[in-house]
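Below, read A as the first sequence line, B as the second, and so on, with proteins coming before strands; counting in each chain starts at 1.
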Protein chains: 2
Amino acid sequence: MIRILIADDHQMFIDGLRSLLERDKNILITGEANNGLQVMECIQKLKPDLVLLDINMPELNGINTTALIRKKYPDVKILILTMYKTKGFINGLIRAGASGYILKNTGNAELMEAINTVAGGGTFFSKDVAETLTEKHTKYTPLEDAVLSKREIEIIREMAKGLTTKQIAERLFISSYTIETHRKNILHKLQLTNTAEVILYASQSGLIN
Amino acid sequence: MIRILIADDHQMFIDGLRSLLERDKNILITGEANNGLQVMECIQKLKPDLVLLDINMPELNGINTTALIRKKYPDVKILILTMYKTKGFINGLIRAGASGYILKNTGNAELMEAINTVAGGGTFFSKDVAETLTEKHTKYTPLEDAVLSKREIEIIREMAKGLTTKQIAERLFISSYTIETHRKNILHKLQLTNTAEVILYASQSGLIN
DNA sequence: ATAAGATTACCCATTTATTGGTATTGTGGG
DNA sequence: CCCACAATACCAATAAATGGGTAATCTTAT
């Protein structure tokens, strides 16, 4: 019996997946979570074997959640379910301790295979994902292994509201120079070159909302 | 018996939803589609009563698909399933002919209610969506019915890649001055003030991807 | 306690974006 | 045939962002 926790910010996706997986007598859905913080609470209470984790969640994002699970509960397997196949993400998640990574556009059979493989201690990556990982390093790679600080995320959110460096400084009661530094560090950490790329990254990785 | 077609670019979401809905004896899932073009093909072949439509699909987006269905098959009901609650989109979809609009983070009960209501000829909107529609116009909201031209969308996509005005000009073989004009028009149409807001809007409204 | 990282702060040169104009040509719908 | 709008192009002033530094505190985890 494989005990599974499903984490996704879309309840409808959880409902559907639960219905699908419960057909399998060998699977037990022990619980659900809509954000990273709930995931941590649920693991403690429910002790699942495997967490099906969406990386696009509010409160605590996928990479941080993965790292936290790996640290506190080393025996819990993590299978990432997502729609992003950015190289940096995948690398970051693997380094954080995920055992598998499959895209949401994959079918039923592959999902079952992934669950069984990962639950059995193996690793599983969608074909598309595996291809992305073996790709040559392209010039405009979105990000490597981004670990943004709390403050940096806060600043990105202000940027997304269309505020300028000066306006952000006023709102946070600190110097414009400091915001300038933060923006520089954000660009450097994400290996990006301008605001447009940062906002797209933030939006697509669930940093905003 | 309600005959339903499910359209979403994530096969896993379709699989789950199918499993969930098939429990109801009154519902028959007649088919699936992963993009707008497939939706049109399937409707012709399968003659469903209702289409569950994700707006974030490749090939043909949600608004255009909705308008096309309404035009060619006026009797087919359209229930939008999505995660975006931008006012402009909701308005656009309603005008295009959708009968309902619910967010993917809503639960099972509400989904069933929405399906039954819409199939019965009524309209259904999630509480969140209804709230968005009655909200007062806030200062930093993109313009409701922004109708961006083909070229403008193309330029937004280039902007999202982090390209500068000069680089976009080179890639599209036109003058930088022209790109400047387009950017100005984009900001004006959306009633925004800088690139950050444009990229966030584009990302959240499904213009990118 | 100590080292690593986060947060703060400053300066300056350069590049880009934004704003506010004007204006010509092409094109699809009524 | 016209009109509205799309797409093109140009100029110039100003605002903002980016890239290159340096450096002092403050937190936090080992």
- Task: Looking only at side-chain atoms of Tyr177(A), point me to the closest of dA9(C), dT7(C), dT19(C).
- Result: dA9(C)

- Task: Could you tell me whether the side chains of Glu32(A) and Gln11(A) share a donor-acceptor contact shorter than 3.5 Å?
- Result: yes

- To the nearest angstrom, the CZ-C1' distance between Arg151(A) and dA9(C) comes to 13 Å

- Query: Quick one: which of dG21(C), dA9(D), dA6(C) gets closest to the side chain of Ser175(B)?
  - Reply: dA9(D)

- Provide, to the nearest angstrom, the distance between the CD1 atom belonging to Ile155(A) and the P atom belonging to dT7(C). 8 Å

- Message: Base, sugar-phosphate or nothing for Lys166(A)? Non-hydrogen atoms, less than 4.0 Å.
- Response: sugar-phosphate

- Quick one: is Lys189(B) getting a side-chain N or O under 4.0 Å of the dA6(D) phosphate, OP1 or OP2? yes

- Contact class for Thr195(A) (heavy atom, under 4.0 Å): base, sugar-phosphate, or nothing? sugar-phosphate

- Query: When you match Glu180(B) and Met159(A) each to their closest nucleotide on DNA chain D, which lands nearer the 5' end?
  - Reply: Glu180(B)

- Pair Glu197(A)-Thr193(A), side-chain donor/acceptor within less than 3.5 Å: yes

- Query: Could one point to a donor on the side chain of Thr181(A) or the base of dC10(C) with an acceptor on the other under 3.5 Å away?
  - Reply: yes

- Item | Whole-Å distance separating the CD1 atom of Ile186(A) from the P atom of dT18(D) | 10 Å

- Distance in angstrom units between Glu152(B) CD and dA6(D) C1', rounded: 8 Å

- Query: Lys184(A) side chain: which of dT16(C), dC11(C), dT19(C) is closest?
  - Reply: dC11(C)

- Message: Given dT8(D), dT19(C), dG19(D), identify the nucleotide with an atom nearest to the side chain of Leu187(B).
- Response: dT19(C)

- Message: The side chain of Arg183(A) is closest to which nucleotide in this list: dA9(C), dT18(D), dC10(D)?
- Response: dT18(D)

- Item | Distance in angstrom units between Asn194(B) CG and dA17(D) C1', rounded | 11 Å

- SB check Arg183(A) Glu180(A) (cutoff 4.0 Å): no

- How is Thr165(B) classified with respect to the nucleic acid when contacts are heavy atoms under 4.0 Å: base, sugar-phosphate, or nothing? sugar-phosphate

- Query: Contact class for Thr178(B) (heavy atom, under 4.0 Å): base, sugar-phosphate, or nothing?
  - Reply: base

- Using atom types as modelled and distance alone, determine if a side-chain donor or acceptor of Gln167(A) lies under 3.5 Å from a backbone N or O of Thr164(A). yes

- Message: Using whole Å, what does the distance between atom P of nucleotide dT18(D) and atom CD1 of Ile179(A) come to?
- Response: 13 Å

- Note on the structure: When rounded to whole Å, the CG to P distance for the pair Leu172(A) and dA9(C) reads 11 Å

- Query: Distance-only, no hydrogens or angles: does the Asp9(A) side chain make a donor-acceptor pair with backbone N or O of Asn34(A) under 3.5 Å?
  - Reply: no

- Please give, in whole Å, the distance from dT18(C) P to Leu190(B) CG? 12 Å

- Task: For Asn185(B), answer base if it contacts any base atom (sugar-phosphate contacts may also be present), sugar-phosphate if it contacts only those atoms, and nothing otherwise; contact means non-hydrogen atoms under 4.0 Å.
- Result: nothing

- Message: Is His182(A) close enough to dT8(C) that one of its side-chain N or O atoms is under 4.0 Å from OP1 or OP2 there?
- Response: yes

- Main-chain N/O of Ser149(A) paired with Glu152(A) side-chain donor or acceptor, under 3.5 Å: yes

